[in-house]
Amino acid sequence: MSFKDHANNPYASLSPAVWRGSTVVFDSFEDFAVRKTRQPDGYSYGITGTPTARGLERRIADLENARHCVVVPSGQSALMTTVMAFVRGGDHLLISESCYGALKTFARQWLSAMGVEVEFYPPTLDAGIEALIRDNTKMICLEAPGTVTMEMQAIDTITAIARRHGVLTMMDNTWASPIFFKPLDHGVDFAIEAATKFMGGHSDLLMGAISLNDDERYATLRQTQSILGQATSPEDCFLVLRGLETLELRLLEQGRKALEIARWLEAQPLVETVLFPALESHPGHAIWQRLFTGNGCLMSIVLTPAADERAIGAFFDALELFPIGASWGGTHSLIAFYPASEQRARQYAPTDQPIIRLSIGLEPHADLLGDLEKALGAYGEALKG
Ligand SMILES: Cc1ncc(COP(=O)(O)O)c(C=O)c1O
């Protein structure tokens with residue numbers, strides 16, 4: 001909604017209004033009888049969103065070069081809602097093994113039980129995906145770089161194959177955000193963002209966004225969002241709208257710092273590998289360079305192996321600027337740990353060692369480096385002991 005749109009913005013506020021409300025009232029019986037069927041874009045009840053949500057959806061759609069966007073209460077919900085809208089029992093669903101964990105669990109435990117043929121494919125399969133497509137393949141789920149293990153996928157190669165076979169594609173684009181990669185421009189049908197991360201940007205809300213071009217699929221998706229009861233808080237929509245005001249600035253700064261820190265970490269003797277596609281050493285670097293225009297702030301590292309992975313505890317406990325916690329993409333740096341057992345349980349993994357994941361925030365660069373240097377020192381001591 002524009003600040004010049006005085007009919008809808010009588011206060012002429014420069015910032016968007018927060019419209020709350022479950023109930024939309026009608027002027028007459030006649031009005032109700034006609035207007036209550038105004039979906040998907042009209043309002044008849046709060047479940048499909050208020051003007052605040054619509055304003056946010058418009059902004060995200062513009063960023064994604066999309067005709068439509070649907071916001072939902074979390075990134076996880078964006079993945080599930082898209083699959084639930086289009087995949088049915090009897091369909092075959094292909095999921096990259098490095099897709100977000102909750103999507104894989106949902107597929108394994110719920111979709112399989114509902115008769116969906118779920119198959120996980122190696123994240124770097126690229127053109128090889130064609131050999132996995134069956135007559136009943138309905139959707140391919142992609143994520144680049146992959147959650148925790150950070151593999152890149154040749155998105156354009158996969159979407160060209162999928163389109164040739166009439167298969168839908170959904171890509172989790174949270175790492176790059178639409179600032180650095182616009183999935184729909186590369187043939188993806190559904191671009192997913194966990195707005196919890198960069199778009200919100202301040203670690204104080206959860207939200208997901210699904211962007212797409214096709215009008216019919218938009219109607220299906222809006223209905224699914226509504227029927228599954230995936231209503232999004234107007235206050236959170238306001239906060240994401242505010243986050244979007246600084247999205248590009250934050251991303252450029254956090255991405256720049258993350259690349260410098262990744263290069264520094266790569267040069268440290270106690271760091272075995274840095275999994276970050278903007279580094280020349282990353283196996284997916286050429287794909288990243290060809291498709292993406294920048295890098296996110298999230299990286300994974302593998303330390304020189306220790307006899308006992310509890311030595312990593314010394315690294316974590318020495319840190320002062322990296323709180324330990326789930327999520328990423330906010331203004332505060334964060335750190336998380338994924339044990340070796342998780343890597344070994346996977347069919348396709350770049351390492352059998354524990355992975356440490358770092359999200360780089362807006363703290364001074366030198367302070368972050370100093371903190372990491374101290375933590376590596378503590379890890380070195382723990383290795384000796
Ligand atoms: C890549 C990616 N996609 C989706 C999600 C899920 O988002 P949310 O936490 O909003 O459910 C996450 C959360 O960590 C994520 O990292």
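Whatever order the structure lists ligands and atoms in, that order sets their numbers, starting from 1. What you see below is based on every heavy atom in this structure, not just the backbone, and it leaves out hydrogens, waters and symmetry mates. Quick caveat: nothing in here was measured; it's all calculated off a predicted structure.
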Check: Short list, please: which atoms of ligand 1 are under 4.0 Å from a heavy atom of G75?
Finding: 6 (C), 7 (O), 8 (P), 10 (O), 11 (O)

Next item on the list: Applying side chain to side chain contact (heavy atoms under 4.5 Å, CB included), run through T147 and S98 and close with a yes or a no.
Entry: CA-CA 5 Å; T147 282; S98 62; 5.7 Å; no

Item checked: Which residue and heavy atom of the protein sit nearest atom 12 (C) of ligand 1, plus the separation -> Y100 CE1, 3.3 Å

Notebook entry, point to check: Going by the atom numbers of ligand 1, which of them fall below 4.0 Å from some non-hydrogen atom of Q76?
Noted result: 6 (C), 7 (O), 8 (P), 11 (O)

Next item on the list: Mind checking whether W328 contacts ligand 1 via backbone (N, CA, C, O), side chain (CB onward), both or neither, at a 4.0 Å heavy-atom cut-off?
Entry: side chain

Note to self: Taking 4.0 angstrom as the limit and counting only heavy atoms of E143, give me the atoms of ligand 1 inside it, by number and element.
What the structure shows: 1 (C)

Checklist line | Contact (N/O only, under 3.5 Å) between T196 and ligand 1 | finding: yes

Margin query: Quick check on contacts: which atoms of ligand 1 are under 4.0 angstrom from a heavy atom of A194?
Written below: 4 (C), 5 (C), 7 (O)

Check: Which word best sums up how the rings of Y218 and H68 line up, parallel for under 30°, tilted for 30 to 60°, or perpendicular for over 60°?
Finding: parallel

Next item on the list: Identify which one of R346, E342, E97 satisfies the side-chain hydrogen bond (donor to acceptor under 3.5 Å, both in side chains) criterion when paired with T149.
Entry: R346

Next item on the list: Evaluate the ring planes of H186 and F181, with Trp represented by its six-membered ring, and classify them as parallel (under 30°), tilted (30 to 60°) or perpendicular (over 60°).
Entry: parallel

Next item on the list: Mark up the atoms of ligand 1 that fall under 4.0 Å of a heavy atom belonging to T147, in ascending order.
Entry: 1 (C)

Note to self: With nothing but distance in play, are any N or O atoms of K197 less than 3.5 Å from an N or O of ligand 1?
What the structure shows: yes

Check: Should one rank L205, T174, L298, D172 by closest heavy-atom distance to atom 4 (C) of ligand 1, which comes out on top?
Finding: D172

